Amino acid sequence: MTITRIVDFPSFDESRNGVVVMVEPHSQSEQMQQVVYRILDANLDRAREGLRIVEEWCRFGLNNAQFTGECKRLRQDIAHWHTAELRAARDTPGDAGTDLTHPHEEKRTSIKSVLQANFCRVQEAMRVLEEYGKLHDPNMGKAFKQMRYQVYTLESNLLGYQRHQLLWRSRLYLVTSPAENLLSTVEAALKGGLTLVQYRDKTADDGVRLEQARKLRQLCHLYGALFIINDRIDLALAVDADGVHLGQQDMPIEIARQLLGSHRIVGRSTTNAEEMQAALAEGADYVGVGPVYETPTKEGKPAAGLQYVSYAAKNCSIPWFAIGGIDANNINDVIDAGAQRVAVVRSLMQAEQPTLVTQYLLSQLNRIKPES
Ligand SMILES: Cc1ncc(COP(=O)(O)OP(=O)(O)O)c(N)n1
Ligand SMILES: Cc1ncsc1CCOP(=O)(O)O
Ligand SMILES: [Mg+2]
């Protein structure tokens with residue numbers, strides 16, 4: 001081991017595999033400045049790279065000029081701070097952190113997890129830039145604080161946008177009923193192409209509901225499907241669901257919005273024209289239309305009939321799902337009355353082969369041209 005000079009920062013001595021490094025006779029403050037520059041340089045790169053990854057999805061995946069533009073502008077703002085002075089401090093071979101990866105970095109299961117990980121990376125880097133930036137230039141701390149909040153807003157807007165896009169694309173909606181094989185049935189339907197699931201259990205204890213909702217949310221997100229909770233805003237928040245479904249006897253939409261914000265989905269049941277107009281005026285994201293036929297799943301509730309389906313087809317400007325007694329035998333009658341989307345309970349929950357039934361129902365619904 002060669003020791004030329006004891007420096008003021010022990011970490012400098014230990015930074016290269018235990019070998020004490022030759023240190024130029026810099027002053028303590030010059031050495032400290034180099035360390036800060038290296039931190040800033042590394043985190044400026046990290047923030048720009050993370051944003052670039054998000055930007056590529058906004059551009060090629062979503063084809064969305066607004067989100068792409070926001071990512072690009074943020075990258076340019078970051079680049080403005082990446083001066084030659086900071087770049088000159090780079091010392092990649094001497095950086096003990098370059099080989100370190102987290103197991104999660106190797107394993108991303110969906111676009112969503114790629115985006116989440118990279119938003120997190122950008123936000124962390126910006127927090128570092130905010131704190132260490134203050135030592136370099138007082139304006140740098142302020143600038144990165146603002147940018148970090150802009151990134152939080154971008155993330156939340158992007159998530160909300162993707163949720164609503166998927167809602168509009170969804171043609172089939174599974175509303176669950178209590179079952180021993182709840183998870184495997186839902187998974188089988190997801191394998192058939194289902195993209196929208198509502199957890200509905202009117203009798204279980206909250207502990208059970210919480211556990212099942214958590215598992216279902218994870219499962220749905222693994223398959224890229226939306227996960228909605230029936231009736232309970234608190235449960236939707238507790239499990240970070242994509243939204244809530246509220247009936248006429250449940251919470252007002254306005255309260256749901258206050259609690260869930262605009263990025264989560266709020267659905268409303270409607271049985272007649274008046275309820276539909278109210279749901280539209282109150283800002284529902286989608287409505288249930290039915291029961292189309294009488295059904296044991298909603299014992300005692302009179303059928304609204306196919307006339308109401310036709311009314312919805314002519315008058316509803318948001319996604320709407322015909323519900324109640326719909327199965328593989330009568331789905332084409334419902335489609336002929338004007339439905340482009342349907343919700344079912346028994347047809348899938350009691351199916352022997354939920355994957356095949358999902359595929360069949362979707363094949364019928366996908367024959368209809370999407371609304372312009
Ligand atoms: C998609 C969809 N439409 C209607 C309903 C019924 O909701 P609600 O009237 O609140 O009755 P319950 O489901 O709570 O018994 C629904 N759940 N989903
Ligand atoms: C929850 C609900 N709301 C109106 S009809 C209905 C139940 C539909 O169940 P099924 O598809 O088994 O007839
Ligand atoms: Mg309800």
Side-chain angles (χ1 to χ4, degrees), residues 166-168 170-179 182 185-186 189 194-204 209 213 216 220 225-236 241-253 255-256 260 265-272 274-276 278-280 282 284-306 308-309 312 316 318-331 333-335 339-352 354 357-358 360-361 364-365:
L166 187 51
L167 171 69
W168 279 77
S170 296
R171 297 264 173 148
L172 181 63
Y173 191 175
L174 166 60
V175 180
T176 67
S177 55
L182 175 65
T185 306
V186 173
L194 182 75
T195 49
L196 184 56
V197 174
Q198 179 188 135
Y199 173 56
R200 178 178 183 270
D201 188 328
K202 311 291 283 186
T203 53
R209 283 193 179 120
L216 281 173
C220 290
L226 292 169
F227 180 60
I228 308 288
I229 298 277
N230 179 251
D231 291 347
R232 296 278 298 271
I233 299 171
D234 56 345
L235 189 56
D242 295 300
V244 73
H245 184 90
L246 301 170
Q248 295 292 321
Q249 265 72 51
D250 302 320
M251 280 279 180
I253 293 177
I255 305 286
L260 296 174
I265 293 166
V266 179
R268 182 68 129 190
S269 312
T270 68
T271 305
N272 55 50
E274 203 186 333
E275 287 175 2
M276 176 177 291
L280 292 173
E282 287 161 18
D285 293 309
Y286 75 85
V287 288
V289 166
V292 179
Y293 304 107
E294 277 186 20
T295 165
T297 313
K298 203 90 181 121
E299 193 96 63
K301 186 138 173 117
L306 289 171
Y308 183 46
V309 173
C316 194
I318 57 175
W320 58 274
F321 296 83
I323 185 170
I326 300 172
D327 59 25
N329 295 317
N330 61 21
I331 188 164
D333 298 336
V334 184
I335 290 172
Q340 302 195 343
R341 299 180 181 84
V342 304
V344 297
V345 180
R346 288 166 305 143
S347 286
L348 286 176
M349 292 308 296
Q350 293 178 12
E352 272 177 28
V357 178
T358 302
Y360 176 75
L361 295 176
Q364 299 309 298
L365 292 160

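Both counts, for ligands and for their atoms, begin at 1 and track the order of listing. Just so it is clear, the model here is predicted, and its values are computed rather than measured.
Here the rule is side chain to side chain contact (heavy atoms under 4.5 Å, CB included) with Leu348, and of Thr176, Val175, Leu172, Thr185 only Leu172 fits it.
Under a 4.0 Å criterion applied to the non-hydrogen atoms of Arg200, ligand 1 contributes the atoms 12 (P), 13 (O), 15 (O). Close approach of ligand 2 to Lys298 is summarised as follows: ligand atoms under 4.0 Å from at least one heavy atom of the residue are 1 (C), 2 (C), 3 (N). Here is the list of ligand 1 atoms found below 4.0 Å of a heavy atom in Asp231: 10 (O), 14 (O). Each of the atoms 4 (C), 5 (C), 6 (C), 7 (O), 8 (P), 9 (O), 10 (O) of ligand 1 lies under 4.0 Å from some heavy atom of Ser269. Near Gly288, with a cut-off below 4.0 Å to any heavy atom, the atoms of ligand 1 are 3 (N). With ligand atoms numbered from 1 in the order given, ligand 1 contributes 8 (P), 9 (O), 10 (O) to contacts under 4.0 Å with heavy atoms of Gly247.
Protein heavy atom closest to atom 5 (S) of ligand 2, with residue, atom name and distance, is Gly324 CA, 3.7 Å. Looking at atom 10 (P) of ligand 2, its nearest protein heavy atom turns out to be Thr297 OG1, 3.5 Å.
Rounded to 10 degrees, the OD2-metal-OD1 angle spanning Asp250 and Asp231 at the Mg ion (ligand 3) equals 80°.
Taking a 4.0 Å cut-off on heavy atoms, Lys202 registers as neighbouring ligand 1. Ligand 1 lies within reach of Tyr173, whose nearest heavy atom is under 4.0 Å from it. The closest approach between a heavy atom of Gly325 and any atom of ligand 2 is below 4.0 Å. Within the 4.0 Å heavy-atom shell around ligand 1 one does not find Gln248. At least one heavy atom of Arg200 sits less than 4.0 Å from an atom of ligand 2. At a 4.0 Å cut-off, at least one heavy atom of Val344 sits close enough to ligand 2 to count as contact.
Contact annotation: the side chain of Leu194 approaches that of Val197 to within less than 4.5 Å [non-hydrogen atoms, C-beta and beyond]. Looking at heavy atoms from C-beta onward, Met349 lies out of side-chain contact with Pro178 at the 4.5 angstrom threshold. With a 4.5 Å cut-off on side-chain heavy atoms, Glu282 and Pro252 do not count as touching. Side-chain contact between Thr271 and Gln248 is absent, with no heavy atoms from C-beta onward closer than 4.5 Å.
For Arg171 (side chain) and Leu365 (main-chain N/O), a donor-acceptor pair under 3.5 Å exists by modelled atom type.
Summarising the geometry of Ala241 relative to Ile229, their closest heavy-atom pair is CB-CG1, 3.7 Å, with the distance given to 0.1 Å. Contact between Met276 and Val287 at its shortest, heavy atoms only, is CE-CG2, 4.3 Å.
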Test salt bridge (Lys or Arg N to Asp or Glu O under 4.0 Å) applied to Asp285 and Arg268, step by step: CA-CA 8 Å; Asp285 293 309; Arg268 182 68 129 190; over 6 Å; no
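Of the N or O atoms in Leu246, none lie within a sub-3.5 Å distance of an N or O in ligand 1.
Counting heavy atoms under 4.0 Å from ligand 2, residue Val345 touches it through both backbone and side chain.
For the residue pair Arg346 and Thr297, a side-chain donor N or O sits within less than 3.5 Å of a side-chain acceptor on the partner.
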